[in-house]
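Inspection log for the structure reproduced underneath, given as structure tokens.
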Amino acid sequence: RWTTISQKYAIAMLTMANIQSLLNQAIQLHQAGNIKEALLLYLKVLPQQKENPQLLYFLGTAYLDAQGIRWQELNLQQLSQYPGFLSISA
């Protein structure tokens, strides 16, 4: 019984570690100016981290930064599959 509980806990922790890793990667991409790639990673993490203030801040900032990018360059169909996607016309 304890093995099962510890295995489930380890799986949950691994998932959280992966989520944090994706978020860190997205922030690095964003800071490097790779807005499209950063947005895709932010949106990938969003369903599991809907109340993460760091994620929400950077996601909002990326949307604002993306106003300077031609939206045609983004794959809107790919982005629109994520919950919370906002269509912004530049």
Side-chain angles (χ1 to χ4, degrees):
R1 174 151 166 86
W2 287 106
T3 304
T4 305
I5 292 170
S6 62
Q7 287 172 343
K8 287 181 183 179
Y9 180 74
I11 291 169
M13 292 303 293
L14 180 62
T15 301
M16 290 303 296
N18 287 341
I19 289 170
Q20 188 59 48
S21 176
L22 286 173
L23 181 55
N24 290 339
Q25 188 178 7
I27 291 169
Q28 290 174 353
L29 287 166
H30 188 176
Q31 291 172 340
N34 298 317
I35 306 301
K36 176 183 175 182
E37 292 84 3
L39 275 170
L40 290 173
L41 286 179
Y42 291 140
L43 291 169
K44 185 174 185 176
V45 173
L46 184 62
Q48 292 85 17
Q49 295 286 302
K50 294 176 184 172
E51 296 184 23
N52 181 326
Q54 183 184 31
L55 169 62
L56 296 174
Y57 169 80
F58 281 107
L59 178 60
T61 302
Y63 274 121
L64 291 174
D65 291 344
Q67 289 183 20
I69 295 175
R70 292 177 25 171
W71 277 94
Q72 294 81 7
E73 294 174 9
L74 296 176
N75 183 341
L76 293 179
Q77 186 176 21
Q78 187 177 11
L79 289 176
S80 64
Q81 70 183 340
Y82 294 97
F85 173 75
L86 300 174
S87 178
I88 301 172
S89 58

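- Here the side chains of Gln48 and Thr15 are not in contact, with every heavy-atom distance at 4.5 Å or above.
- Atom CG of Leu41 and atom CD1 of Ile19 lie 12.5 Å apart (nearest 0.5 Å).
- By the 4.5 Å heavy-atom criterion applied to side chains, Tyr42 and Leu23 are counted as neighbours.
- Across all non-hydrogen atoms, the minimal contact from Ala38 to Ala26 is CB-O, 3.5 Å.
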List the steps, then state whether side-chain contact (heavy atoms from CB on, under 4.5 Å) holds for Gln54 with Ile27.
CA-CA 10 Å; Gln54 183 184 31; Ile27 291 169; 3.5 Å; yes

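- Judged as a side chain to side chain contact (heavy atoms under 4.5 Å, CB included), and not counting sequence neighbours, the contacts of Thr61 are His30, Tyr57, Asp65.
- Scored by the side-chain hydrogen bond (donor to acceptor under 3.5 Å, both in side chains) test, Gln20 finds Asn24 as partners (sequence neighbours excluded).
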Walk me through it: do Asn52 and Leu46 pass the test side-chain contact (heavy atoms from CB on, under 4.5 Å)?
CA-CA 8 Å; Asn52 181 326; Leu46 184 62; over 6 Å; no

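- For Ile35 against Ala62, the heavy-atom pair with the smallest separation is CG2-O, 3.7 Å.
- Here the closest non-hydrogen pair linking Leu55 and Gln49 is CD2-O, 3.5 Å.
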